[in-house]
Enquirer: 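Before we start, here is the structure in question, set down as structure tokens.
Counting starts at 1 for both ligands and their atoms, in listed order.
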Amino acid sequence: TDASVHQELTDGFNLVIDALKLNGIETIYGVPGIPITDLGRMAQAAGIRVVSFRHEQHAGNAAAIAGFLTKKPGICLTVSAPGFLNGLTALANATTNCFPMILISGSSEREIVDLQQGDYEEMDQLSIAKPLCKAAFRVLHAEDIGIGVARAIRAAVSGRPGGVYLDLPAKLLSQTLDAEKGAKSLIKVIDPAPAQIPAPEAVQRAIDVLKTAKKPLIVLGKGAAYAQCDDAIRQLVEKSGIPFVPMSMAKGLLPDTHPLSAGAARSTALKDSDVVLLVGARLNWLLSHGKGKTWGAPGSKKFIQIDIEPKEMDSNVEIVAPLVGDIGSCVNALLGHINADCPPPPAEWTNAIVEKRNANIAKMATKLGKNSIPMDFHSALGALRTIIEQRPDAILVNEGANTLDLARGVINMYQPRKRLDVGTWGVMGIGMGFAVAAAIETGKPVLAVEGDSAFGFSGMEVETICRYNLPVCIVVFNNNGIYRGTDTDPTGRDPGTTVFVKDSRYDKMMEAFGGVGVHVETPDALSRAVNEAMDSGRPTLINAAIDPEAGSESGNIGNLNPQSVVKKK
Ligand SMILES: Cc1ncc(Cc2csc(CCOP(=O)(O)OP(=O)(O)O)c2C)c(N)n1
Ligand SMILES: [Mg+2]
């Protein structure tokens with residue numbers, strides 16, 4: 001009939017785009033290719049910002065940190081099989097770090113994959129993704145795209161955030177559907193990350209434990225940064241008068257220069273405290289699993305833990321007051337009791353922390369001022385410390401071993417969610433993906449402080465940074481190697497296994513794509529170059545020559561390296 005002849009149609013391509021836009025998704029990070037090249041083009045034409053990378057791992061890292069920064073799932077779009085696999089590292093890392101992202105990959109047809117008939121880039125992607133992420137879905141019929149996208153969004157951001165895989169077989173995208181029916185099949189997710197209120201008796205139990213404390217400590221994890229309940233966190237510290245230690249990506253929730261900051265006295269704070277309130281911080285390897293000499297005498301600690309995941313409690317040691325719920329709801333519930341029921345901690349405790357902190361800061365200061373050649377980590381980081389102090393709203397991306405571990409202590413942070421680094425896994429390669437997304441999602445200038453090895457994992461994305469003309473200033477700490485630049489091959493045949501080409505010039509890579517390249521050998525020259533870059537907003541790479549002898553193997557975590565006790569004859 002006439003109506004059917006003129007029936008308006010939609011299709012899988014359009015339904016995916018409409019579902020994402022309906023749910024406020026504004027950006028897609030990805031790498032084009034079969035079967036999703038046109039999906040990317042059409043999404044761009046529909047007003048979604050599509051940022052094309054050179055490798056899917058970095059597109060995935062960009063999506064993950066976009067999720068951390070915005071609390072909306074970051075979207076990574078890849079081709080099937082190899083492109084999907086490249087995205088998996090970022091998806092698994094996002095899940096480990098509780099960053100909400102959705103990896104959307106094109107895939108081969110079920111009937112061919114399940115009969116293993118050798119399709120183009122054939123792989124059972126859904127099965128492979130499942131163990132590595134929080135949830136995984138596949139959509140076979142166009143009318144189910146709305147539900148599929150809705151479920152992926154809710155799975156990514158509800159409860160403990162994480163990575164979600166959404167599998168779109170190629171044929172799905174070109175499936176047509178009556179436009180009106182299609183529009184009705186879409187779902188705008190309602191309240192995807194619902195508040196999860198702690199039970200009043202759990203709040204009371206936590207307060208009762210807190211009241212017994214003579215040496216209380218608050219540990220802020222990156223979950224507390226993600227929660228974006230910054231004022232409640234500040235009040236919790238300031239109203240309780242309890243010193244706080246921020247984990248790396250929680251730095252800046254309160255300024256590192258805050259009177260109650262115990263960051264620079266971390267060892268003393270962890271060892272000598274008697275009641276520890278964990279806020280979005282898991283007692284994993286980064287906190288020595290809550291036991292051992294880091295935490296003083298066995299049994300000397302009572303842990304109160306705020307986490308949205310009930311199964312996190314008792315993961316490593318007994319939690320005497322589990323407070324299960326979203327961090328904002330839990331902290332606000334505690335605040336209701338703090339000034340009334342809880343006196344501030346004894347001055348001898350807070351004074352002891354301040355004394356230790358100031359002593360450690362004074363000790364570090366002696367290493368910062370040198371304007372020596374060759375630079376070492378401290379003299380170079382001293383220059384960057386001053387720049388971040390002067391530019392507190394810049395975003396600092398940081399990876400490496402010495403470059404990471406030393407920067408964490410030397411560069412103070414002053415605002416929440418401004419320090420983005422290797423997180424729970426200590427994974428190298430997050431640098432450029434994080435820098436791109438930080439610039440795009442926040443519009444703020446980005447300073448990426450990279451070990452030369454760490455930079456190498458994502459270095460090709462300097463072209464991406466130039467192509468989108470992003471305000472990213474990369475500083476490569478070039479010590480000619482992984483940890484140090486001095487390793488040798490005892491047989492004399494090859495270079496040592498951890499060294500790179502001597503005096504390489506990473507700044508030339510940036511110039512290759514029209515960006516600004518600068519080589520520096522002193523902290524003053526480094527300062528000038530970074531300030532120039534941040535004033536200009538031009539993509540810049542500064543190759544900072546660092547003494548190859550200056551580093552230590554694996555930075556602060558060399559103790560994790562197994563050592564052979566068998567000496568070859
Ligand atoms: C995906 C992955 N592969 C290898 C590694 C192991 C590693 C940890 S830190 C690091 C680089 C250290 O050298 P860099 O030059 O960046 O820093 P610096 O100490 O200042 O010289 C590697 C290779 C990790 N963590 N992740
Ligand atoms: Mg290095």
Enquirer: Any idea which protein heavy atom is nearest atom 22 (C) of ligand 1, and the distance to it?
Expert: Met428 CG, 3.7 Å
Enquirer: Considering only heavy atoms of Ala401, which atoms of ligand 1 have at least one such atom less than 4.0 Å away?
Expert: 9 (S), 12 (C), 17 (O), 18 (P), 19 (O)
Enquirer: Run the contact test for Phe455 against ligand 1 with a 4.0 Å cut-off on heavy atoms, strictly below, and give the result.
Expert: no
Enquirer: Please confirm if an N, O or S atom belonging to Gly481, backbone or side chain, lies less than 2.8 Å from the Mg ion (ligand 2).
Expert: yes
Enquirer: Going by heavy atoms, is Ser554 under 4.0 Å from ligand 1?
Expert: no
Enquirer: With a 4.0 Å cut-off on N to O distance, would you call Arg467 and Glu463 a salt bridge?
Expert: yes
Enquirer: Taking heavy atoms and a distance under 4.0 Å, where does Phe377 meet ligand 1: side chain, backbone, both or neither?
Expert: side chain
Enquirer: Salt bridge check, Arg391 against Asp393: does any charged N sit closer than 4.0 Å to a carboxylate O?
Expert: no
Enquirer: Quick one: the OD1 of Asp452, the Mg ion (ligand 2), OD1 of Asn479 angle, rounded to 10°, please.
Expert: 90°
Enquirer: Looking at ligand 1, would Tyr483 count as a contact under a 4.0 Å heavy-atom criterion?
Expert: yes
Enquirer: Counting N and O atoms only, with roles assigned by atom type, does the side chain of Asn543 sit under 3.5 Å from a partner on the main chain of Asp507, one being a donor and the other an acceptor?
Expert: no
Enquirer: How far is atom 25 (N) of ligand 1 from its nearest protein heavy atom, and which residue and atom is that?
Expert: Gly426 O, 2.9 Å
Enquirer: Does any N or O of ligand 1 fall below 3.5 Å from an N or O anywhere on Ala454, backbone included?
Expert: yes
Enquirer: Among all protein heavy atoms, pick the one closest to atom 15 (O) of ligand 1 and tell me residue, atom and distance.
Expert: Asp452 OD1, 2.6 Å
Enquirer: Output yes when a side-chain donor or acceptor of Arg385 lies under 3.5 Å from a complementary backbone atom of Val410, and no otherwise.
Expert: yes
Enquirer: Under a 3.5 Å cutoff, is there a donor and acceptor pairing between the side chains of Asn398 and Arg408?
Expert: no
Enquirer: What orientation do Phe303 and Trp295 show, parallel under 30°, tilted 30 to 60°, or perpendicular over 60°?
Expert: perpendicular
Enquirer: For the atom pair CD1 (Ile373) and OG1 (Thr522), what is the distance rounded to the nearest 0.5 Å?
Expert: 6.0 Å
Enquirer: Can a side-chain donor-acceptor contact be found between Thr540 and Arg538 if the only test is distance below 3.5 angstrom?
Expert: no
Enquirer: Does Gly481, backbone or side chain, put an N or O under 3.5 Å from an N or O of ligand 1?
Expert: yes
Enquirer: Quick one: look up the protein heavy atom nearest atom 20 (O) of ligand 1 and list residue, atom name and how far away it is.
Expert: Thr403 OG1, 2.6 Å
Enquirer: What protein heavy atom is closest to atom 11 (C) of ligand 1, reported as residue, atom name and distance in Å?
Expert: Ser453 OG, 3.4 Å
Enquirer: Is ligand 1 less than 4.0 angstrom away from at least one heavy atom of Gly555?
Expert: no
Enquirer: Between Asp376 and Lys367, does any side-chain N to carboxylate O distance fall below 4.0 Å?
Expert: no
Enquirer: Considering only heavy atoms, does Phe457 approach ligand 1 within less than 4.0 Å through its side chain, its backbone, both, or neither?
Expert: side chain
Enquirer: Below 30° counts as parallel, above 60° as perpendicular, anything between as tilted: where do the rings of Phe455 and Tyr506 land?
Expert: perpendicular
Enquirer: Is ligand 1 under 4.0 Å from a heavy atom in the side chain of Asn479, in the backbone, in both, or in neither?
Expert: side chain
Enquirer: Would you kindly say whether Thr498 and Arg484 are connected by a side-chain donor-acceptor distance under 3.5 Å?
Expert: no
